[in-house]
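The structure appears right after this line, and notes come after that.
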Amino acid sequence: MRDDAPLSQRADPAETATDPTDADTTGRPGRAAAVVVGGGLAGITSALALADAGLRVTLLEGRPRLGGLAFSFQRGNLSVDNGQHVYLRCCTAYQWFLDRIAATDLAPLQRRLDVPVLDVAASRGPRLGRLRRTALPVPLHLAQSLTTYPHLSLAERAKVGRAALALGRLDLTDPALDRQDFASWLARQGQSARAIEALWDLVGVATLNARAGDASLGLAAMVFKTGLLSAPGAADIGWAQVPLGDIHDTLARKALDAAGVRTELRTRVTSVARTPDSAPGSRSGNSLMKNGHWTVEVPGERIETDIVVLAVPQREAHALLPSGAVADPDRFLRIDTAPILNVHVQYDRTVLKRPFFAVLGSPVQWVFDRTRASGLTDGQYLALSQSAAQDEIDEPVAKLRARYLPELEKLLPAARDARVRDFFVTRERTATFAPTPGVGALRPGARTEAPGLYLAGAWTATGWPATMEGAVRSGTSAARAALTALGRPGGHLFEEAA
Ligand SMILES: Cc1cc2nc3c(=O)[nH]c(=O)nc-3n(C[C@H](O)[C@H](O)[C@H](O)COP(=O)(O)OP(=O)(O)OC[C@H]3O[C@@H](n4cnc5c(N)ncnc54)[C@H](O)[C@@H]3O)c2cc1C
């Protein structure tokens, strides 16, 4: 069957495997049906989880690929990621996801946290420090690294230690934390501007996509507590050694196909509506669905279903939500977004020997060697990940080139003699939701007021900032809520360790 055939004419791989003991609420014999809207990590996770529980699942994605905000594209001989993505060992849901789609080996974790931090503004010339952990228990695992971190004075290091312990005592369930900004709290803990720049923002900007002054204390505390204080290895870093698309598109699609999910790309959903049943008692489905079913509309097609998971960003969710489905849906529009810029440079030779490093005293934030992952066989390809990039996201390429190439020459002496074969940028203006103070109160849970309608996406109330981990957790939460309402166990789902 052609890929562009209307949905109604396409073979449904799940159709042959109906369970005669069950019935969907649209009156057809067979399993309960679910439509997942959005093929980012949240939607893929929901679709897999629901299919694994035995539902007939259709996944609808507007773009020609899966993976949402974490994808790859081809540029000449390079496979380019739209943005460098990393995860931490504490991201257990994302690791569950990698395992579920057979991709664990493609995005390995460091054996032990080790982040080289190069300060190029140091008075005595460029200086390299390391943020490393030992095998000691929390919080001693970072003590050695902190006491030798050269980018802070002795007094600043002592105060950082005290602030870290105070952070560990914060109660993450206290909603008051979300209303405060992280910078004010750090200032109250005696943190200097330098300590914020050289340590708290070094980590916080990359994980929260905001500087401390613009970040909710609740989200910041969650990141630092979970990443640095929950277990010795929690902050060990992992990242894809292949193009992100190999994982989030190719392998995810393979897993979805194997699970019997019907995946439709280039299929943008235009409306989601609840249709009351004409003869209520006639359905043999469970009580959840007795008084209606859902109709999901895509161009030229209407799909009837029992369950809908809206796994799209907040603005799209707001546009698709039927009225009355959530209290104050306009609050979704008050969840702002924040940009990430990636600067890509291809050199004719190797200029960097490390897999990555972080930078102080320069507009450059984090530099990753993407040579092997991109398929490049000679020369070197570096990706600079620039978070909280509000000031630069719309700057012309020529201006960014004039700024970043000389900076790279300062950081990497070998770059001074190298020829730049290619320079380009990728701009993600809505890379993440903005983790501003107060955002927690705006993020919705998976359940809505409408029976059978669920929300997923990194922007929903996961407790995490906008991350792959948050996206996967939200997808699991939506699937779990749907299965619970259907009276089905969700034992196969990712479960957070107690
Ligand atoms: C440059 C960049 C760097 C990042 N770095 C990191 C990192 O290092 N670590 C990390 O953990 N996270 C990182 N993130 C964040 C992470 O990528 C996202 O939080 C996560 O991918 C969001 O997944 P999602 O499924 O919630 O949403 P999305 O990825 O936004 O997926 C939503 C999907 O819905 C589709 N859609 C929308 N409307 C419709 C419709 N009407 N019909 C059908 N489909 C529709 C969209 O096309 C999209 O594919 C980064 C993001 C960016 C952009």
Side-chain angles (χ1 to χ4, degrees), residues 35-47 58-72 80-88 90-91 93-95 97 107 205-209 223 227 237-240 244 247-249 252 263-272 296-299 308-321 337-344 356 365-366 368 383-389 393 425-433 435 443 455-460 462 464-475 477-478:
V35 169
V36 178
V37 185
L41 297 187
I44 297 167
T45 303
S46 274
T58 303
L59 174 61
L60 304 172
E61 167 55 51
R63 293 185 187 152
R65 47 159 183 78
L66 296 173
L69 284 166
F71 70 97
S72 309
V80 177
D81 289 350
N82 68 315
Q84 175 64 44
H85 278 65
V86 307
Y87 70 99
L88 305 181
C90 59
C91 296
Y94 183 64
Q95 289 173 74
F97 174 82
V205 170
T207 47
L208 294 160
N209 199 18
V223 164
I237 300 176
W239 66 99
L244 280 177
I247 299 175
H248 299 154
D249 186 15
T263 302
E264 303 294 350
L265 303 177
R266 298 186 175 85
T267 305
R268 182 154 284 274
V269 171
T270 52
S271 84
V272 173
V296 175
E297 221 169 298
V298 298
V308 177
V309 177
L310 281 183
V312 296
Q314 58 268 40
R315 271 165 192 73
E316 285 82 347
H318 179 268
L320 289 174
L321 266 184
T337 55
I340 299 179
L341 175 79
N342 270 239
V343 173
H344 308 260
F356 74 96
Q365 294 178 9
W366 291 70
F368 284 80
L384 279 53
S385 180
Q386 303 290 119
S387 299
I393 195 71
V425 302
T426 44
R427 308 172 200 266
E428 292 288 356
R429 291 181 176 78
T430 58
T432 67
F433 71 82
R443 298 171 77 187
L455 295 171
W459 62 281
T460 60
T462 64
W464 286 70
T467 50
M468 300 187 287
E469 175 74 7
V472 171
R473 280 174 185 256
S474 76
S477 298

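Residue numbers start at 1 and run along the sequence shown. Computed from a predicted structure; not experimentally measured. Indexing begins at 1, ligand by ligand and atom by atom, following the structure's order.
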Quick check for you: to the nearest 0.5 Å, what is the distance between [X] atom [atom1] and [Y] atom [atom2]?
X: L310; Y: L455; atom1: CG; atom2: CG; answer: 6.0 Å
X: T426; Y: N82; atom1: OG1; atom2: CG; answer: 6.5 Å
X: E428; Y: I340; atom1: CD; atom2: CD1; answer: 8.0 Å
X: T263; Y: I44; atom1: OG1; atom2: CD1; answer: 8.5 Å
X: L244; Y: D81; atom1: CG; atom2: CG; answer: 3.5 Å

Practice problem: Using the test salt bridge (charged side-chain N to carboxylate O under 4.0 Å, His left out), find all partners of E61 that sit at least two apart in sequence or belong to another chain. | Solution: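 E61 satisfies salt bridge (charged side-chain N to carboxylate O under 4.0 Å, His left out) with no other residue.
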Quiz item: Counting both backbone and side chain atoms, is some N or O of L320 under 3.5 Å from an N or O of ligand 1?
Solution: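 The answer is no, given that L320 and ligand 1 share no N or O pair closer than 3.5 Å.
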Practice problem: Could you tell me whether some N/O pair between L69 and ligand 1 is separated by less than 3.5 angstrom? | Solution: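 For ligand 1, there is an N or O atom that lies under 3.5 Å from one belonging to L69.
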Judged on heavy-atom distance to [atom], which of [options] sits nearest?
atom: atom 53 (C) of ligand 1; options: G475, A431, S46; result: A431
atom: atom 7 (C) of ligand 1; options: V86, N342, N82; result: V86
atom: atom 39 (C) of ligand 1; options: R268, R473, R315, E316; result: R268
atom: atom 42 (N) of ligand 1; options: I340, T430, V269, V312; result: V269
atom: atom 2 (C) of ligand 1; options: Q386, H85, Q314; result: H85
atom: atom 32 (C) of ligand 1; options: G38, P64, A311; result: A311
atom: atom 1 (C) of ligand 1; options: G62, G43, G83; result: G83

Can you list the atoms of ligand 1 that are under 4.0 Å from a heavy atom of [X]?
X: M468; value: 10 (C), 11 (O), 12 (N)
X: A466; value: 15 (C), 19 (O)
X: Q84; value: 3 (C), 5 (N), 8 (O)
X: V37; value: 42 (N), 43 (C)
X: A42; value: 25 (O), 26 (O)
X: G457; value: 26 (O)
X: R63; value: 47 (O)
X: E428; value: 1 (C), 53 (C)

Exercise. Return the orientation label for the F368 and F356 ring planes: parallel under 30°, perpendicular over 60°, tilted otherwise.
Key: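 F368 vs F356 ring planes: parallel.
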For the residue pair [X] and [Y], establish whether any side-chain heavy-atom pair is separated by less than 4.5 Å.
X: S474; Y: W464; answer: no
X: E469; Y: L88; answer: no
X: R315; Y: T430; answer: no
X: Y94; Y: L41; answer: yes
X: V269; Y: V35; answer: no

Quiz item: Is atom 27 (O) of ligand 1 less than 4.0 angstrom from some protein heavy atom?
Solution: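 Within 4.0 Å of atom 27 (O) of ligand 1, no protein heavy atoms are found.
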Quiz item: Does a side chain donor of either N342 or Q84 reach within less than 3.5 Å of an acceptor in the other side chain?
Solution: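 The criterion, which ignores hydrogens and geometry beyond distance, is not satisfied for Q84 and N342.
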Quiz item: Would T462 and R443 count as having a side-chain donor-acceptor pair, cut-off 3.5 Å?
Solution: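 Result is yes, a qualifying pair exists.
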Quiz item: Does H248 come within less than 4.0 angstrom of ligand 1, counting non-hydrogen atoms of the residue?
Solution: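 H248: no contact with ligand 1 (<4.0 Å).
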Practice problem: Could you tell me if any non-hydrogen atom of T267 lies under 4.0 Å from any atom of ligand 1? | Solution: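 Contact check T267 vs ligand 1: positive.
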What is the nearest protein non-hydrogen atom to [atom], stated with its residue, atom name and distance?
atom: atom 31 (O) of ligand 1; value: G40 CA, 3.4 Å
atom: atom 35 (C) of ligand 1; value: E61 OE1, 3.2 Å
atom: atom 23 (O) of ligand 1; value: A471 CB, 3.4 Å

